[in-house]
Structure formats: C-alpha cells, structure tokens
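In what follows, every chain begins at residue 1, and chains take the letters A, B, ... in the order their sequences are listed.
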Amino acid sequence: MSAVAIPAVRRESLWSKAAWKLARDRTGMIALAFVLLYMLVAVGVTAGWWAADWSEVRGGKWEAMSAAHWFGTNLIGQDIFARAVYSTKTAFEVGLVVAVLATVIGAALGAVAGFFNGSWIDEVLLWLMGVLDSIPFYLFVAAIVFAMQDNPYAMHIAMISTFWTSVGRLIRGEVIKLRGLEYVEAAHAISVPEFVIIIRHILPNTTHILLVQATIMFVSAIKSEVILSFLGLGVKDGMSWGLMIAESSQEVMAGFFNNFLAASVLMFGLVMAFNMFSDALQDALDPRKVG
Amino acid sequence: MSGRDQIPLLDVRNLTKYFAVRGGLLRRVVAQVRAVDGVSLSIGKGRTYGLVGESGCGKSTLGRAILRLHEPTSGEVLLDGHDILKLRRSELIDRRRRMQVIFQDPFASLSPRRTVAQIIREPLDVHRIGTAAEREERVIALLDDVGMGAEIRDRYPHEFSGGQRQRIGIARALALEPDFIVADEPVSALDVSVQSQVLNLIAGLKKTRGIAFLFISHDLAVIQHVSDEIGVMYLGRLVEHALVDDLYAAPKHPYTKALMSAIPIPDPKTKRSRIILKGDVPSPMNPPSGCPFHTRCPDVMEICRSVVPATINVGRKDLPHHVSCHLYS
Amino acid sequence: MEILQYTVRKLISGIPLVLGVTLISFLLMVYFGPDKTYELLGKNPTAQEIAEVRTQLGYDQPFLVRYVDYLRELVTLEFGNSDSTGEDVASLLARTIPISLALTGPGFVLGNLLGVLLALFAAFYRSTWVDKAIMASAVVGMSISFLIVIIAFQIIFASSYGLGWFPVRGWSVHSFGDYLSYVAVPTMAMVFVALGYNTRFYRSVLVEEMTRDHVRTARAFGVPPAKLFYKNILKNSMIPIITRVVFSIPLVIISGSLLIESYFGIPGVGKITYDAIISGDQPVLKAVVGLTAILFVLAQLLTDILYRAVDPRISLK
Amino acid sequence: MQADTQPLLSVRDLVIEFTTENGVVRAADGISFDVHENETLGIVGESGCGKTVTGLSILGLIPSPPGRVAGGSIRFMGRELVGLPDSEMRNIRGRDISMIFQEPMTALNPVFTVGNQMTDVLRRHRGLTRRQARDAAIEMLAKVGIPVPAKRIDEYPHQLSGGMRQRVMIAMALSCDPKLLIADEPTTALDVTTQAQVLEQIAGLQSEFKMAVVLITHDLGIVAETCRRAIVMYCGRIVENAAIERLFEAPRHPYAKGLLESIPRLRRERLDELPIIPGRVPNLLHLPPGCRFAARCPRADALCREQSPALVPAGPHGDFIACHHPHPGQQAEPAA
C-alpha cells in the first residue's frame with residue numbers, strides 16, 4: 001500500500017550517491033585530474049619511460065633553462081628537470097606506503113580499542129597512542145633510523161608508527177558510537193556473531209573516514225619526507241624533492257634558484273591538488289553535510 | 001481469559017538491572033542507577049502487554065534486559081518455563097529465534113550500507129534456515145506481509161521514509177517466526193498519520209500470527225489500541241497492572257490517574273479537570289525512600305515516605321488488577 | 001584544595017605516559033642505538049680498554065638497570081655531560097630553552113590569533129565570496145611546505161637577492177632591536193605555515209558553534225552580532241581551541257623550532273636537538289625526550305583545569 | 001467579530017525557499033493568515049509541512065544560507081517585517097515578539113547561568129540596571145512556577161531538568177511583556193505530565209500578560225485544548241484555517257479530516273483497525289502539479305490532479321480552505 005511515489009533514481013547505495021556528488025564537484029575533479037597526471041609521471045618513472053638518466057652528469061655547472069635542460073642543470077651538471085620528475089616517483093612511493101599502511105593499522109587497532117571500550121585492551125591501546133603522540137616526531141624518526149641501522153625504510157616505518165594514531169582515535173570513537181546504534185543491537189538480537197558484526201555492520205560504516213584520512217596522510221607523508229630528507233634523516237638512495245631543496249639551500253645563497261624552484265613548484269602542485277581532492281572527497285562522503 | 005492457569009509464554013520474575021556509575025582514580029563503583037528495580041510480569045501466548053511510562057522510568061531497559069541485550073543484574077526470565085538468564089551464550093543463540101525486537105528510531109535501526117533484502121535475510125543466514133533460493137522467497141513473502149512490494153528488495157534504507165523503514169524493521173523481526181516480540185516505542189518517531197498505519201500492521205500481525213508482544217510506549221493512547229493488558233512503570237518499578245479496559249475505566253494508582261488526565265484530548269468540547277503533578281521525576285541514581293512516587297503524589301500519606309508499598313490485587317481473582325499503593329492496603 | 005587534589009591525581013595518572021615515552025625512546029636510541037665504544041677509543045684498543053670504556057658507558061649493565069638510571073636522571077634533572085661538547089646537559093638546556101621560547105613564542109601566538117580572526121571573518125560571511133577566498137587561501141597555504149617557506153622568506157626578506165631587511169642567519173641578540181630583527185623572518189615563516197591549518201580548524205569550530213540552538217535562541221531575543229560572537233560562540237568554542245593551543249605547545253617548542261633553528265643557525269633547543277641527532281649525542285637526546293613527555297603531562301593537566309574554567313558542565317573528577 | 005479590528009500580525013503570500021543539493025525547495029508556499037490580539041492561533045501539521053519555518057520567518061530567523069524568504073509580506077502592528085534591517089529587527093525580537101523553542105536541553109547557552117542570560121534580555125530591552133534586571137528575572141522565574149527562584153537563577157542550564165529549562169525559556173520570553181509569543185513545539189520534548197504543567201503555565205500567563213500566541217505543534221490534542229483557531233498545513237501549504245470548534249467538529253479539508261481521524265487517541269470503545277490516511281507525504285522536490293494531497297485523497301478527481309486549489313474564504317466566520325471538493329463543514333452555525 002505504500003508503494004507509491006518512490007523517487008526516480010533506483011538502487012542508489014550510499015557509495016554511488018557519494019560518487020555522483022564527487023563527479024559533480026568541479027574543483028574536486030580538476031584536482032583529481034592533476035593527481036592522476038602526477039601519478040602517470042610516477043608510473044612512467046617506475047617503468048623507465050622517462051627520467052631514467054636523473055643521476056647522469058649531462059652538462060656544465062648551473063646551466064640556465066634551455067631546450068636540452070628544461071630547468072637547467074645543478075652544481076655538478078645533472079639535469080634538474082629529470083631529477084624533479086624522478087622525485088615524483090619517490091613522493092608517490094612514500095605517500096602511498098605510509099597512507100595505506102597507517103590507515104590499515106589505525107583502522108584495525110582503532111576498531112579493536114573501540115570494540116573493547118572500557119576493558120584493559122582499550123586502555124593499553126589508548127596509552128600506546130598517547131605515548132606515540134608525545135614523542136617529538138623528528139627525534140622518533142632519528143631514533144628509528146639509528147635503531148634500524150640505515151635501513152632505507154626507516155623513515156617509512158617512523159611515519160607509519162606515528163601517523164596511525166590519528167586514524168586509530170577517529171575509528172575508535174566512531175566504533176563506540178556505532179556500537180550503540182540500534183541496528184547493531186538488532187544484529188545482536190538475531191545472534192549475529194561479534195566478529196561478523198564488526199566486519200559487516202561496523203567497519204563498512206567507517207570507510208568514509210578512512211578514505212579521507214588516507215588522503216590527508218598521503219599529503220602529510222610527502223611533506224614530512226621533504227623535511228626529513230632535507231635534514232638528512234629521510235631518503236638515502238635515490239632522489240627526492242627534499243634532497244633537491246637541501247642541495248639548493250647552498251645554491252640560493254649564490255643566486256641560483258632553478259633547483260629550489262623546480263622542486264618547490266612540483267611539490268606544491270601535487271600537495272595542492274591532493275588537498276583539494278581530499279576536501280572534495282570529504283564533502284561527498286560526509287553524511288551530514290548541509291549547505 | 002484462556003490459558004490463565006497454564007504456564008505463560010514469558011514469565012519475568014523480580015528482574016533488576018542496575019547500571020554502575022564509576023568514578024575516582026581507581027574507577028570504583030560510586031553509585032548505582034536502578035533502571036529496573038524488581039519487576040515481575042507475565043505474558044501469555046499471543047497476547048500483548050503494553051508497558052507505559054515516562055522517559056527514564058526504565059521501560060526500554062526492561063525490554064532489553066528481557067532479551068539479554070543488556071545483561072540483567074538479577075531475577076528470572078522464563079520462556080516456556082525455562083530461565084533464559086541461565087543459558088550460556090551459545091544456547092542463547094537458539095532461543096533468540098523465538099524472541100525478537102523492533103526499535104524506536106527507524107533511521108538508526110537499519111544498517112545503512114546494506115540492501116533491504118540483505119537486512120531481512122540476515123537472520124535467516126545466521127540461523128541457516130532454508131536454501132539460498134528459499135531464503136530469497138522468504139524475503140519477498142515477508143515484504144509482502146508488511147505491505148511492501150518485492151521491487152524494493154535491492155534498495156538501501158536511506159531511500160525510504162520513517163514509516164517504510166519501520167516496516168522493513170518489522171519484516172526483519174518476523175523473519176525467524178518468533179513467538180514473542182519486544183516493540184520498543186515503534187511508532188513514537190513517526191508522524192501521526194503514519195503511526196496508525198504501523199499500529200494497524202502490528203495489531204494485524206498479532207491477530208494473524210499469534211505473536212505475543214511487549215509493547216513499550218510513553219503514549220497511553222497508542223498503547224490502548226494494541227494492548228490486552230497494561231503495566232505502568234515509574235522509576236524502575238511497576239506501579240499498576242490491569243487488563244486494558246479495566247485500567248482505562250478505573251485507574252487506581254495516583255500516578256496512572258495523573259498520566260491519563262495529562263493527555264491532551266483532540267476534542268475542544270471535552271472539558272475536564274486535570275491532575276497537575278508537582279515537580280520532576282527524581283533521579284533513579286538517588287530514588288526516594290518508601291514509595292518512589294511520594295515526592296509528587298497528590299494523595300501522599302505519612303507511611304508513603306518510609307514504607308515501600310506491596311503489590312496487591314484489587315481486582316477479581318480471575319480478572320486481576322495489581323497496584324502498588326498504600327491507598328489500597 | 002579541590003584543585004590541588006586533582007592536580008596530584010592527574011600527575012600520578014600521567015606517570016604511565018612518561019614511562020611509555022621514555023621506555024620506547026630509550027629502547028630505540030640507547031639500547032638498539034649506535035655503540036659508542038669505538039668512538040672513544042684510540043686505534044687498536046686492547047680488550048681491557050674496551051671493557052673499561054664499556055663499563056664507563058654503562059653498556060655492561062643489564063637493560064633494566066640502565067633504564068632506571070635514565071629515570072633517575074630525569075627525576076633529578078642530572079643528565080650528565082653532552083658527548084660532543086662536554087657541557088652539562090642541564091645547563092645546556094637552561095641556556096637554550098629561553099632562546100627557543102623567545103624565537104617561537106611570537107609566531108605561535110600570532111599564528112593562532114590571526115587564525116581565529118580570519119576564521120571569524122570566514123564564519124561570519126559564511127558561503128559568501130569572503131569565506132570562499134579565505135578558505136581557498138588557507139588550502140594554498142597548507143600546500144606549501146614549511147621548508148620552502150623558510151627558504152623563500154629568507155631569500156625574499158633577508159638575502160641580498162631580495163629586500164635584505166633582516167639578518168640572513170644567526171642569533172646575536174644584545175638589545176630588543178636585535179631581537180626583533182632576528183626573530184622577524186622565522187616568525188613570518190611560522191605564521192605563514194600555521195595560518196592555513198589554524199584558520200580551517202577554527203572556522204569549523206566556530207561554524208559548528210554558530211549553528212547551535214542556543215545561538216538561535218539568543219538571536220530570537222535580539223542579541224546583536226558582536227555580543228553573540230562573544231557570549232554564544234567564542235566562549236563555547238573554547239574547549240577545542242584550548243585543546244589545540246595547549247597540546248601544540250610541547251611540539252612547537254621542540255619540533256617546530258628544530259627546522260627553523262637548524263636552518264637559521266639559532267642556538268635553541270631545536271638546534272642542539274638536531275646536532276645531537278646527527279652526532280648521536282645520547283645524554284642530550286634522553287633529556288629532550290624525557291622533558292617533552294613531562295611537558296605533555298603538564299599540558300594535559302593544564303587543559304583539564306582550563307576546561308573547568310570555561311565550561312561549568314565539566315567537573316574536576 | 002475579529003475581522004473588524006486591525007490584526008496584530010498579518011502574513012500574506014509568504015514563500016520560503018531552501019537551497020539544497022538537489023534543487024530549490026519551497027518549504028512554505030503562499031502562506032497567509034492573521035493573528036489578532038489576545039488570540040491563540042495553532043499551526044498544526046506533520047514534520048516537514050513548513051510550520052516551523054513559518055514561525056521562524058516571523059522573527060527573521062530562517063537559517064541563511066541555505067534558506068531565505070523569497071516572497072510575500074509579514075506585517076506586525078502595521079509594520080512590514082520582511083526586508084527590515086537586522087538592527088531594527090533586533091529591537092522587535094524578544095521585546096515585541098518572543099519565541100520559545102522545542103529543545104529545552106539545547107536552547108539555552110550551557111556556559112552562562114540562567115540569570116546571566118535572562119538579565120541580558122531585560123537590560124537590553126527594558127533598560128534596567130543589573131540589580132533591577134536580576135530582581136525582575138527572579139520575579140519572572142517565580143511566575144512560571146520555579147521553586148526557590150533566587151537560588152535557581154544562579155544555576156547553569158545543565159543543573160535543571162527539561163521541564164524546568166522550558167519554564168526558564170518561557171520566563172525569558174515573557175520578561176519584556178511581548179505582544180506576540182511564538183511557541184514552536186514547546187512541549188514535544190517533554191513528558192506528558194511535564195507537558196501538562198507547562199501548557200497550563202502558558203495558558204495562565206497568556207491571560208495575565210494579554211498577549212497573542214502562535215502555537216506550532218503536531219499534536220492536535222494540544223491545539224484542541226489551548227487554541228481558538230488553527231491552521232492546518234500540508235506540504236508547505238495551508239489547507240484549512242478554521243475556528244477550533246468547527247475544525248474539530250466538522251473539518252472541511254479531507255486531509256484535516258483524515259488527520260483528525262487517524263491520530264491514536266484514548267477511546268471508550270477500542271477499534272479493530274484505526275482509520276488511516278493511505279500513502280505518504282510527497283517529496284518537496286517532486287511535487288505533483290495539482291493539489292499536493294490528491295494522491296492520498298479519497299475525494300480527488302482529475303481537476304485535483306491538474307490544478308492546485310487556492311486558499312479561499314469558507315463560511316461567514318473568517319475560515320479559509322484550499323480544496324476543490326471540501327466536506328460541507330458544520331451545517332448549523334452556532335450562535336456567535
């Protein structure tokens with residue numbers, strides 16, 4: 001009897017609704033296009049299509065921009081453009097590894113803490129998050145670098161170990177909130193096993209938080225990498241925007257800005273695009289967003 | 001009153017549920033909230049027990065404690081004579097098939113990222129009832145039972161109005177063919193014109209399927225329509241219980257009288273004297289001594305302040321009318 | 001009396017945090033950290049010499065003893081002498097902390113004040129072009145790395161290629177005028193970097209408060225906008241604001257100043273921490289880590305007391 | 001007869017629009033009604049019918065963005081309120097027209113005491129000193145039945161119960177002796193026994209303060225007991241405007257009739273099946289071209305589905321109705 005006047009769109013899940021909203025967000029889509037462009041550059045570097053010669057000396061000291069060297073050359077005559085392009089791959093690698101792993105760890109531990117809210121497990125996890133948040137970041141990275149004897153992934157591990165806590169706290173809070181909702185009680189009433197309740201009814205409803213957090217951590221990871229590499233605590237083998245800026249910090253005093261500008265502008269573009277995409281994603285996924 | 005001398009379907013004896021309030025550095029229990037304080041009631045097969053009371057009186061907690069969604073502090077809940085509070089978790093799973101629940105908030109009671117079919121099928125999946133094809137058929141039949149068409153099976157909850165969601169929630173509760181359903185304020189979040197639709201649906205289910213209900217509501221008008229008998233709760237205790245017509249014709253407890261007289265009547269010609277209670281409901285963390293209602297009772301006597309009134313039957317033996325009030329002892 | 005009791009209780013409950021922080025850092029930096037034995041020895045040391053140095057460094061002690069020693073150092077504030085300069089660590093910190101505070105203080109305060117101010121503008125003109133312009137600038141600001149800002153500002157304001165108004169690097173402060181000239185570029189950089197984040201955060205807090213029911217009630221009683229902002233919005237937003245401000249203090253003192261101080265060559269805590277990281281100067285690092293943990297516990301205590309002051313619903317229990 | 005005197009409040013063709021992601025929604029569409037001095041007017045309807053935004057628009061409190069008054073006029077004591085600058089509107093709010101809201105738990109500022117919030121209003125609108133304002137506030141609190149007002153005035157809202165907070169709201173609303181009180185679901189969040197207390201309070205104060213009241217509610221029982229006249233709204237439109245006796249005795253609009261019949265109420269005889277209005281309220285984004293109630297209406301025909309009925313006078317007593325095929329209404333008019 002109530003099968004009257006059901007609105008037009010059929011089978012509209014919350015996901016398709018969010019995707020539709022995102023697709024209509026023009027700034028968000030432009031930002032996404034930029035991100036994808038950078039990603040293509042990074043993929044190309046990995047596949048060896050371009051910038052494979054970033055470490056070769058191909059010119060003189062501090063050459064100006066030219067057709068051969070689009071952004072000129074550095075102190076020892078390496079092509080700045082190739083180095084900047086190659087660094088895109090480094091940035092993506094750091095960003096992806098850190099964002100994905102920190103999100104996964106944060107989601108898992110946050111969900112556990114939230115589900116065992118009030119028990120000792122929750123207390124221990126909360127304590128761990130508090131501890132990790134209270135260690136100065138650079139010191140923590142340095143400590144891990146020391147402890148891991150110059151392992152190339154020391155920086156990644158340090159970032160993951162500190163970044164997951166923010167995800168963990170958010171997910172913990174959300175799980176506690178969702179556990180009190182009536183549909184979880186309804187699942188209990190039909191004897192759905194606890195772990196199925198977590199997997200089927202609770203975690204899927206935290207994915208919007210995870211997606212947004214992952215984009216935010218991607219950006220943080222790229223920005224941290226640059227500073228850590230500059231300080232000599234980050235990327236050891238290879239090239240990154242941070243190392244380029246470290247190189248350039250001597251050059252700028254001598255009036256040569258190409259290295260600095262190339263790294264800065266490329267990095268700014270990626271971070272800006274990602275920030276804007278992250279905002280659009282958040283708008284599209286936010287269930288209570290009005291106006 | 002058939003079945004009066006047989007074992008009732010559900011017999012709740014002296015059920016209590018206290019919530020501990022913790023405080024201090026060592027998180028010691030500093031106080032107890034007596035949400036449900038020694039409630040006894042029984043519900044026969046296919047009958048509807050209406051439980052009425054104002055917010056914070058413990059009626060929802062009682063419903064959840066009976067289902068063991070909140071673990072009761074003490075007491076017994078006998079289903080066909082077997083105490084379900086003594087069951088281990090694994091044994092409880094099987095017993096849960098017979099007891100289901102319908103919730104108040106239609107927007108929070110359905111999992112938002114699952115389709116209607118998935119939601120209604122879940123109990124069948126969990127209890128491994130029938131083959132996949134049979135389950136699909138069941139879902140369609142259940143949707144039909146609650147007045148919804150099969151074409152909505154692949155839609156998501158957010159596409160429906162409150163009344164439609166409530167129907168889906170009812171279909172889920174019916175999936176396991178329970179004998180007993182706790183309906184916790186199932187219409188109070190709905191608009192008035194939709195309330196009646198859902199009430200009719202529930203009344204129909206009771207009639208056609210012989211399901212017993214514990215129907216919890218704050219609204220005496222709503223509860224009158226669906227109930228056979230009614231219990232009135234105040235501060236965690238049952239203060240009056242009678243068959244529905246008895247209670248409406250001759251309420252005994254001063255609180256019941258005040259509650260009934262407070263309902264606005266949609267008829268401008270009816271003018272009546274209204275009992276206006278003084279003050280507010282006391283905190284269940286710190287309930288008054290003696291009769292819990294004595295702080296607001298218009299007929300309060302000296303004895304009410306110190307002695308908890310016993311529950312006595314002021315009706316006939318075959319037509320009991322229980323009341324806990326010193327006025328009648 | 002209530003406050004005192006509460007303070008004691010809160011400090012006691014902060015002990016696990018300090019233990020956790022120190023334990024993890026100790027494990028990483030000292031136990032798994034580099035072995036300094038050979039740095040202190042000449043060429044071709046004898047086994048006896050090695051053993052002597054190891055005893056001197058405490059390497060022959062069991063883990064627990066060494067960790068408890070560290071805790072004792074923390075409680076007594078006697079961290080020994082720096083490995084690289086030989087200076088007493090406590091006096092090293094006493095010398096450098098004031099410099100860091102003087103360096104980061106103005107930027108921190110300005111960054112938050114301007115953030116609140118811009119956020120107020122954006123929130124007040126919500127959904128208009130003013131709001132959109134402020135928020136778009138905030139995203140741009142958030143997208144520029146701190147490092148790039150520091151270098152760029154140094155070029156623009158301090159170097160001979162730019163305006164050349166301020167000293168390029170260093171910290172030779174003898175007068176208030178000196179102080180201003182040395183602190184100017186770092187402060188601008190800090191404000192620039194923090195502003196985007198702060199504005200966004202404060203705007204979301206303010207907008208949340210602006211849409212509350214009691215704000216509508218106040219409007220319905222004719223309360224004018226200025227008073228509305230003070231009484232119904234600002235005071236009610238104090239809890240998230242306090243949380244953010246107080247908890248960033250420990251990080252600003254250590255992490256925030258590390259990059260600035262090492263880049264500008266300013267002898268603050270950040271600089272000595274950086275030098276200690278590079279040279280593996282464990283006494284200094286242990287002291288910095290331990291003190292940061294204690295700062296966090298104090299920050300927590302401070303926020304709780306401030307919460308109580310701004311929100312009557314919160315009691316100290 | 002009311003029609004002879006100048007109405008206190010006169011709303012004409014009011015249109016309120018909200019911008020949503022899926023398009024512009026008209027939350028109120030062509031609302032017209034009058035409120036006379038000392039009169040209690042009820043506005044009833046189900047959620048989303050536009051009754052609350054209509055109340056808010058009188059005080060210029062439509063949340064903007066996303067909402068706005070898109071047309072029509074609101075005249076209060078002969079003065080146009082639509083388009084009035086905020087600075088002038090502020091002198092009316094809380095002094096000439098007051099409003100109380102549904103949620104007593106959140107409607108007061110949690111970080112200031114009750115007294116602080118009340119004296120603010122008194123000092124602003126009545127120019128009292130701090131001392132005088134405090135005394136006046138205590139007096140008002142006593143009037144709304146708050147025990148020990150001199151102590152309660154220094155408490156914070158969270159220390160009071162829901163019923164108590166709603167009384168504080170009422171005390172605040174009446175403290176400047178307004179000519180019009182808009183009460184938006186003032187008792188919906190309260191328990192029945194508390195609701196009875198608060199309604200009694202409002203009724204008593206109305207005769208003492210000689211003000212008009214616009215009572216917005218979904219509860220027809222409350223309307224029947226407190227109002228002289230009521231407006232029934234459906235889907236952003238007024239469908240019927242009638243004196244209480246006529247509305248409850250013989251509703252003309254099929255929706256009003258259906259609503260009256262379908263509400264669960266205490267009955268002497270229990271019915272097997274409650275009367276219902278079939279179907280559900282249409283989405284404001286996808287409104288039918290004709291009468292908005294047509295799809296659920298037992299009397300609807302082709303005309304109803306094509307053409308929207310206008311709100312026209314019905315009968316000699318100032319009633320209005322928007323229906324192509326109304327019920328006849330009361331046959332024998334009672335002697336006025």
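- For chain A, the option among C/Val289, C/Ile155, C/Leu285 with the highest count of heavy-atom pairs below 4.5 Å is C/Ile155.
- Side-chain contact annotation: A/Glu225 with A/Ser240, donor-acceptor N/O pair under 3.5 Å present.
- Contact count against chain A (heavy-atom pairs under 4.5 Å) is highest for C/Leu147 among C/Ile278, C/Leu147, C/Val140, C/Val139.
- The parts of C/Leu17 that come within reach of chain A are both its backbone and its side chain, each placing non-hydrogen atoms under 4.5 angstrom from that chain.
- With respect to the salt-bridge test (charged N to carboxylate O, under 4.0 angstrom), the residues A/Asp25 and A/Lys21 do not qualify.
- The aromatic rings of C/Tyr263 and A/Phe230 are tilted relative to each other, their planes meeting at an angle between 30° and 60°.
- Looking at C/Leu23, there are no atoms closer than 4.5 Å to chain A (heavy atoms on both sides), in backbone or side chain.
- Of all the listed residues (A/Ile245, A/Asn275, A/Leu231), the one sharing the greatest number of non-hydrogen pairs under 4.5 Å with chain C is A/Leu231.
- In this structure, A/Phe218 has its ring center under 6.0 Å from that of A/Phe92.
- The aromatic rings of C/Phe63 and C/Phe26 sit tilted, their planes meeting at an angle between 30° and 60°.
- Residue contact with chain C, scored on non-hydrogen atoms closer than 4.5 Å, involves the backbone of A/Asp133 exclusively.
- For a residue to count as touching a neighbouring chain, one of its non-hydrogen atoms must lie under 4.5 Å from one of that chain's; by this rule A/Phe274 does not touch chain C.
- Neither the backbone nor the side chain of A/Leu270 comes within contact range of chain C; no heavy atoms are under 4.5 Å apart.
- Both the backbone and the side chain of C/Ala152 come within contact range of chain A, with heavy atoms under 4.5 Å apart.
- Atom CE of A/Met244 is separated from atom CZ of A/Phe260 by 11.0 Å, given to the nearest 0.5 angstrom.
- Contacts of C/Arg169 with chain A are absent, with no heavy-atom separation under 4.5 Å from either backbone or side chain.
- Using a 4.5 Å cut-off between heavy atoms, C/Ile144 contacts chain A through both its backbone and its side chain.
- Remark: the A/Asn259 side chain and the A/Arg83 side chain contain no N/O donor-acceptor pair separated by less than 3.5 Å.
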